[in-house]
**Q** 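Please see the structure below; I have some questions.
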Amino acid sequence: MPLTVDAVRARFPHRLIQWKHETTSTMDDALLLARQGAPHGTVAGADAQTRGKGRHDRAWHSAPDTGLYLSVVLRLALEPAHLPVVTMALGLAVVEAIAKAAHLRLDLRWPNDVVRDDRKVAGILTQHHGDFTVAGIGINVNQIQFPDVLQPVATSLQLITGREHARESILTALLPAIDDQCDTLTRHGRDVILQRFAQASSYVRGKRVVIEPDGHRGITNGLTPEGFLQLRQDTGATLTILAGGVRPE
Ligand code: BTN
């Protein structure tokens, strides 16, 4: 069933929420809105995407009416060096919103995956454009199956809990959670977000992982003050991971 956007708009009367039945990618829609001057917090969402984008030029599986697909225009007064932490702040917001709306505790996998038992429930794609950021969030809500290639690595709230979840409730919890985490980041700096992330994520310390795409192996050993992941390799050397992702070994 399409998302009942009027119910969400009623909760946030001052926020611009564009919602389409189908789009190519909400990243493109939000970018256009931002270039037209849309304010901080503007949402571009859709019930389906025909060219959903993931990180590293991957596609984001966007089956109609099952997942939550949205991009938010963020106008944050942040130094460029602090921008990578925005993705982590958004991950915290997604975890918080799902805990509130679906009563489910999820894990964070550095830097941008929301997971349950190592399977991905949600992903975040942030694109910085000069004075604004487009933050794309995809949440697997009511999918009961995925394409073969995703089957071993993806899951959804419905698959985890055995029941359907109202996408409206998750979106309604998500928007203020994004506001709160971004507000914390701009007011108090990245340390607070990094501490919260380290507390919320089982991946930040003591996890044996493989780094993608370069294949380095080792045990995670905390975050740097910039938000990069430290990896203690079997040789004893510590490697700072600036980009990419991790998976359990
Ligand atoms: C990732 O984990 O690779 C990031 C996935 C981001 C997917 C979302 S869905 C809404 C928005 N529109 C897109 O095309 N991508 C993001």
Side-chain angles (χ1 to χ4, degrees), residues 2-3 5 8 17-35 38 41-74 83-95 97-98 106-116 118-129 132-143 146-147 149-150 152-157 167-168 170-171 174-175 177-178 197 201 203 211-213 229 241 243-248:
L3 182 131
V5 69
V8 182
I17 302 179
Q18 178 193 79
W19 204 268
K20 294 185 177 178
H21 170 59
E22 183 182 278
T23 190
T24 49
S25 163
T26 62
M27 298 305 283
D28 302 335
D29 295 337
L31 179 60
L32 193 64
L33 289 171
R35 288 197 169 137
T42 296
V43 174
D47 288 317
Q49 298 183 114
T50 53
R51 284 207 301 276
K53 300 174 193 178
R55 287 171 81 227
H56 309 301
D57 289 328
R58 295 194 194 112
W60 183 258
H61 177 66
S62 309
D65 300 334
T66 55
L68 201 47
Y69 318 115
L70 70 144
S71 299
V72 185
V73 176
L74 300 177
L83 288 173
V85 183
V86 173
T87 306
M88 299 162 91
L90 294 168
L92 287 164
V94 172
V95 166
I98 291 173
L106 298 176
D107 197 0
L108 283 160
R109 187 168 63 193
W110 184 90
N112 77 321
D113 293 343
V114 178
V115 298
R116 171 77 166 216
D118 302 322
R119 285 173 185 244
K120 193 150 160 169
V121 177
I124 294 151
L125 176 68
T126 42
Q127 294 180 337
H128 304 295
H129 300 267
F132 66 87
T133 296
V134 173
I137 299 174
I139 305 179
N140 299 331
V141 182
N142 289 321
Q143 287 89 338
F146 289 93
V149 64
L150 296 178
V153 292
T155 190
S156 71
L157 301 183
R167 290 178 301 145
E168 293 82 354
I170 296 165
L171 183 55
L174 181 60
L175 298 179
I178 293 173
F197 192 94
S201 167
Y203 278 81
I211 306 298
E212 290 181 324
L229 185 68
I241 312 299
V246 302
R247 65 176 165 81

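The first residue of the sequence shown is numbered 1, and numbering continues consecutively from there. Computed from a predicted model, the values in this text were never measured in an experiment. Read the numbers this way: they start at 1 and go in the same order the structure lists the ligands and their atoms.
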**Q** Is a salt bridge present between R109 and D118, judged by a nitrogen-to-oxygen distance below 4.0 Å?
**A**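 Judged by the 4.0 Å cut-off on N to carboxylate O distance, R109 and D118 do not form a salt bridge.
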**Q** Indicate whether the side chain of T126 and that of T133 have a donor and an acceptor atom separated by less than 3.5 Å.
**A**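 Short answer, no.
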**Q** With sequence neighbours excluded, tell me which residues meet salt bridge (Lys or Arg N to Asp or Glu O under 4.0 Å) with D29.
**A**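 By the salt bridge (Lys or Arg N to Asp or Glu O under 4.0 Å) rule, D29 matches K20.
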**Q** If the condition is salt bridge (Lys or Arg N to Asp or Glu O under 4.0 Å), which residues does E22 pass it with, not counting sequence neighbours?
**A**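 If we apply the salt bridge (Lys or Arg N to Asp or Glu O under 4.0 Å) test to E22, skipping adjacent residues, there are no hits.
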**Q** Write down, by chain and number, every protein residue that brings a non-hydrogen atom to less than 4.0 Å from an atom of ligand 1.
**A**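 Residues near ligand 1: S25, T26, M27, Q49, G52, K53, G54, R55, W60, Y69, L70, S71, N112, D113, K120, G123, I124, L125, G136, I137, G138.
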**Q** Which residues pass the ring pair (Phe, Tyr, Trp, His ring centres under 6.0 Å) test with F132, sequence neighbours left out?
**A**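 Scan of F132 (ring pair (Phe, Tyr, Trp, His ring centres under 6.0 Å), adjacent residues dropped) gives H129.
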**Q** Please determine, by modelled atom types, if S156 and Q143 share a side-chain donor-acceptor pair under 3.5 angstrom.
**A**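 Absent: no donor and acceptor within the cut-off.
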